Amino acid sequence: MRYTPSDMRAVWFRSQDLPVPDRDQISITDTAKLPPVIVTRMTKGGVGKTSVAVNVAASLAMMGYRILVIDADPQASASNLLGIETSAYDSNLTHIGDFLKLSTNTPDENLPSAIKQIYEGGFLDLIPADITLAEADASLVTAMSSHSRAELFFSRNSSFLGQRYDAIVVDTAPGTTPIGLAFTYAARQAGKVLTVVEPEGSCLRALDSLASNLEEIKALTHAIVGMEVVINKYHPSLKHVRDSMSFLYAKYGSMLNDTIIPQYSGFARQINPTNKLPAPLVELEPSSSGSSAMFEVSKSLITSFGIRMA
Ligand SMILES: Nc1ncnc2c1ncn2[C@@H]1O[C@H](COP(=O)(O)OP(=O)(O)O)[C@@H](O)[C@H]1O
Ligand SMILES: [Mg+2]
């Protein structure tokens, strides 16, 4: 017997002695609040940022939360991991760059049509990316107040997003591009970004530069954005890993998530599983060590980002 996200959601409502809401009868109001937004950030690529973002999103959906993933990386790895093929030359999808280009307060009429359904019932939806997102990123370099465009996108669509989702997960590109900065600035609502690090020298330096980037944002815009740091690809037998762990505890101890994600070969199989479509590890190998860690991280984020079943 397998439980669906919808079963899990019903169990949660019953456990609180609340009536289980019928999705078709959700009343349309203008007052729905924007749900918590989890923005993943890291200046270095290949650390597992996309793997964490997508597995956290899928885990939360499996627990019955309604999740929107925004792929904000032109490499489209999150989209591909969720089974959306974006490499066709005539791929003509609406991506987040099409919304960030606009400086308006009017809700985006084409937002619903940009969203792809990944799980039935609206539990996991995606705004996919493709390589043309890089053009939008470049055009933002010279745009007025480009740093506030993601926040503006969320605020003008907060009613729609608040009715449909319990949390939004944004997978950003490595480095410090205008889109990455705009989502970092928007993360001030949650007070922090979700950062993924590997316990390894160049990653620790990348973490330092992200930390100073957040300080600069604070100095320039007064936005206070902290970090919640998840350690990924941990392997206890390597000396440089142990040394890096000591550094992380000493310098970033108060920001570390309690769960450490182990090095696990199954992550590589997400994009090329045998006889299956690409999918997050928590779906492909739910009882593996990698998935257990992802479920633990997800549970902690429910508390630390204040995610609720609305
Ligand atoms: N815990 C892990 N153990 C082993 N391999 C991992 C782990 N997390 C991620 N990977 C692998 O590392 C590579 C980069 O991961 P990805 O999530 O795309 O990183 P990023 O988004 O930071 O560039 C991928 O091949 C992925 O399968
Ligand atoms: Mg990535």
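Residue numbers start at 1 and run along the sequence shown. Not measured: the values here are computed from a predicted model.
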I'd like to know if Val196 and Leu248 are part of one continuous hydrophobic network [Ile/Leu/Val/Met/Phe/Trp/Tyr, side-chain heavy atoms within less than 4.5 Å]. yes
Mind running side-chain contact (heavy atoms from CB on, under 4.5 Å) on Lys233 and Phe267 for me, showing each step along the way? CA-CA 10 Å; Lys233 305 197 193 184; Phe267 283 101; over 6 Å; no
Could you report the tightest heavy-atom contact between Leu133 and Gly97, atom names first, then the distance? CD1-N, 3.3 Å
Contact summary for Val282 and Met62, nearest pair of heavy atoms: O-CE, 3.5 Å
Side-chain contact, heavy-atom cut-off 4.5 Å: Leu100 with Phe183? yes
In terms of hydrophobic clusters joined by side-chain contacts under 4.5 Å, are Met227 and Val197 together? yes
Measure the spacing between CG of Leu194 and CD1 of Ile38 and express it to the nearest 0.5 Å. 6.5 Å
For Ile224, I'd like to know if atom CD1 has over 12 heavy atoms of other residues, nucleotides or ligands within 6.0 Å. no
Looking at Ser159 and Ala32, would you say the former's side chain and the latter's main chain have a donor-acceptor pair under 3.5 Å? no
Just so I know, are the side chains of Ile70 and Phe154 near enough to count as touching, which here means a heavy-atom distance under 4.5 Å? yes
So, do Met255 and Val229 sit near enough that their side-chain heavy atoms are less than 4.5 Å apart? yes
Keeping Gln189 on the side-chain end and Ala186 on the backbone end, is there a donor-acceptor pair under 3.5 Å? no
Asn213-Thr176 side chain donor-acceptor pair, cut-off 3.5 Å: no
Please check if the side chain of Ser146 supplies one atom and the backbone of Thr142 the other of a donor-acceptor pair under 3.5 Å. no
From Ser209 atom OG to Leu214 atom CG, the distance as rounded to the nearest 0.5 Å: 10.0 Å
Asp125 and its side-chain contact (heavy atoms from CB on, under 4.5 Å) partner, picked from Ile67, Ile168, Ile115: Ile115
Determine the minimum heavy-atom distance between Ser304 and Lys192, stating which atoms define it. CB-NZ, 3.3 Å
Closest non-hydrogen atom pair between Ser287 and Ser292, with its separation: O-OG, 4.4 Å
Is it true that a side-chain atom of Arg308 and a backbone atom of Ile302 form a donor plus acceptor pair closer than 3.5 Å? no
Are Leu102 and Phe153 packed together at the side-chain level, in the sense that at least one heavy-atom pair is separated by less than 4.5 angstrom? no
Asp137 side chain to Ile179 backbone, donor-acceptor under 3.5 Å: yes
For Ser87, does its backbone N or O pair with a side-chain atom of Ser91 as donor and acceptor, under 3.5 Å? no
Start with the C-alpha distance between Leu152 and Asn105, add both sets of side-chain angles, then the distance that settles side-chain contact (heavy atoms from CB on, under 4.5 Å), and finish with yes or no. CA-CA 7 Å; Leu152 186 62; Asn105 287 313; 3.3 Å; yes
With the 4.5 Å side-chain cut-off for hydrophobic clustering, are Leu140 and Ile131 part of the same group? no
Is it the case that one hydrophobic cluster holds both Val20 and Leu18, taking links as side-chain heavy atoms less than 4.5 Å apart, direct or via other members? yes
Going by an N to O cut-off under 4.0 Å, is there a salt bridge joining Glu285 and Arg269? yes
Other residues, nucleotides and ligands only: do more than 12 of their heavy atoms fall within 6.0 Å of CD on Glu109? no
What is the distance from atom CG of Leu34 to atom CD of Glu151, rounded to the nearest 0.5 Å? 9.5 Å
So does Asp73 pair up with Lys49, basic N to acidic O under 4.0 Å? no
Should Tyr165 and Tyr65 count as side-chain neighbours, where that means a heavy-atom distance under 4.5 Å? no
Evaluate side-chain contact (heavy atoms from CB on, under 4.5 Å) for Val54 paired with Asp171, printing each intermediate quantity in order. CA-CA 8 Å; Val54 169; Asp171 186 36; 5.6 Å; no
Report the C-alpha distance between Ser291 and Asn55 in whole Å, list the side-chain angles of each, state the deciding distance to 0.1 Å, and finish with yes or no for side chain to side chain donor-acceptor pair (under 3.5 Å). CA-CA 8 Å; Ser291 292; Asn55 278 285; 5.5 Å; no
Could you grab the distance from atom OG1 of Thr94 to atom CG of Asn92, nearest 0.5 Å is fine? 7.0 Å
What I want to find out is whether Asp71 reaches Lys116 closely enough, with some N-O distance under 4.0 Å, to be called a salt bridge. no
Do Ser77 and Asn80 have side-chain N/O donor and acceptor atoms under 3.5 Å apart? no
Interatomic distance, Tyr234 atom OH to Met245 atom CE [nearest 0.5 angstrom]: 5.0 Å
In terms of heavy-atom contacts, Ala61 and Pro5 come closest through O-CB, 3.2 Å
Looking at Ala206, is its backbone amide N or carbonyl O close enough to the side chain of Thr43 to form a donor-acceptor pair, meaning the two atoms are under 3.5 Å apart? yes
Under the side chain to side chain donor-acceptor pair (under 3.5 Å) criterion, do Asp243 and Ser246 qualify, and how do the steps go? CA-CA 5 Å; Asp243 292 345; Ser246 315; 5.2 Å; no
dist Ser103:OG -> Met144:CE (nearest 0.5 Å) comes out at 8.5 Å
Tyr249, Val297: one ILVMFWY side-chain cluster at the under-4.5 Å cut-off? yes
Donor-acceptor contact present, side-chain Arg66 to main-chain Gln163, <3.5 Å: yes
Given 3.5 Å as the limit, does a donor-acceptor pair link the side chain of Ser79 with the main chain of Ala129, or not? yes
Output yes when a side-chain donor or acceptor of Thr40 lies under 3.5 Å from a complementary backbone atom of Val170, and no otherwise. yes
Would you call Met294 and Leu281 a side-chain contact if the rule is heavy atoms closer than 4.5 Å? no
Quick check: do Thr177 and Thr172 have side-chain heavy atoms less than 4.5 Å from each other? no
Minimal non-hydrogen separation, Ala150 against Ala182, with atom names: CB-O, 3.5 Å
Could you please spell out the steps behind the side-chain contact (heavy atoms from CB on, under 4.5 Å) verdict for Glu135 and Ser139? CA-CA 6 Å; Glu135 290 163 31; Ser139 74; over 6 Å; no
Quick check: do Glu228 and Leu301 have side-chain heavy atoms less than 4.5 Å from each other? yes
Heavy-atom count around Asn110 CG within 6.0 Å, excluding the residue itself: above 12? yes
